[in-house]
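Data block below; observations after.
Predicted, not measured: the structure shown is a model, and the values here were computed from it. Just so you know, these numbers use all the heavy atoms, side chains as well, and skip hydrogens, waters and symmetry mates. Atoms within each ligand, like the ligands themselves, are counted from 1 in listed order.
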Amino acid sequence: MPGRPDHVASHVDIETPTGAVGVSAPALPSPRGELRRPGEADWQAVLDAIAGASSVDLLAHVLPDGDALGSALAVGLALRQRGVEVRVSFGDDPQVVPASLSFLPGQELIVPVSEVPERPELMISFDVADARRLGLLQAKAEAARQLVVVDHHTSNAGFGTLRLIDPLAPATAVLVDELLRRLGVPLDQQIATCLYAGVASDTGSFRYAATTPATHEFASRLLAAGVRHDAISRRLWDTQSFGYLKVLAAALERAELEPLAAGGRGLVWTWVPWADLLAHGVPPEQIEGLIDVVRKAAEAEVALVLKEDPDGSLRGSSRANGAVDVAAACAALGGGGHAYAAGFTSHRGVPATVAAFRAALDAQSAPIPD
Ligand code: MN
């Protein structure tokens, strides 16, 4: 399996809030104070940009999840109906659609990085919190005449020329639903399937705290459009290769529980050597959900999974249940994300990386009051 280039492997692994179970607080305000929910003028500017474009490039983030790729494909299908030349892409090399997302309609719209124009007329990114998450497409995005950023990450620093960023939206797919409504494109079964994959992914099948009555109303409209939610759920949540089960078993065997970490709230952590992926034929994008197994440990407030890349660097994914801010801990290691779901990239090896993460947790975890 070829390695990914350094500038992708070293991206800041800012993630969607997949670990938001039990977190009751809404999205945090932006530390930069720049984020505001899109207003009428923002929507109109994006509609005008789309109306004036003969060709549109739609981007998901590297290692795309259901929200990123589902959102990009939904808009791709909608704009193709309107006779616009559309391409969907993401900046990985190799560019692999995760097996769990291969059911998404519109895959024929996906093109390799090389087929994206050097200076696109109109580019729209979906679920991309940071320009570095565009991977190999970052330079082309920055050269685009217009770059629209559609996202729901609190940590989005506001790149691009036009922005539809709503940190209160449970998924980017929710913003796409509004965009399609304003474009006058009805939800057919294909588009609805893409959007359902997005909202189901980012809400953990409607379990996470960001799920609202409006989220269920959205899902209701998607089901009414003919979405096969049972088949999608099985593909998204309940289907893995046998090799993945072996990698998971080894990771769980390797897991350590540190009850005294995080101010006595507990840390559970493990790591996945690149050799395990090679031995079992598991592509790296397939272990993104491993953190959701590790974080089940009742004895730990914080969970951490380190995933080794071929160059030996480690991509860290962390989750917290609400009492500790892992975005702050990950920021100390050069990463970022949400308070309850964040990540980083480390070049220091496993013991030193875990030690640094533990120290960062201690620095911002108040001890549990007596
Ligand atoms: Mn998302």
Quick one: list whatever passes salt bridge (Lys or Arg N to Asp or Glu O under 4.0 Å) with Arg221, sequence neighbours left out. Asp177, Glu217
Could you tell me whether Lys307 and Glu288 have a side-chain N and a carboxylate O separated by less than 4.0 Å? yes
Are any N, O or S atoms from Asp67 nearer to the Mn ion (ligand 1) than 2.8 Å? yes
Please determine if the Mn ion (ligand 1) has an N/O/S atom from His152 lying under 2.8 Å away. yes
When the side chains of residues 167-174 are checked against the rest of the protein, which donor-acceptor pairs come out under 3.5 Å, sequence neighbours left out?
| unit_1 | atom_1 | unit_2 | atom_2 | d |
| --- | --- | --- | --- | --- |
| Thr172 | OG1 | Asp67 | OD2 | 3.4 |
| Thr172 | OG1 | Asp127 | OD1 | 3.0 |

Let me check your reading of the structure: within less than 2.8 Å of the Mn ion (ligand 1), is there an N/O/S atom from Asp127? yes
Pair Arg265 + Glu299, salt bridge at N-O below 4.0 Å: no
The Mn ion (ligand 1) is nearest to which N, O or S atom of Asp202? OD2
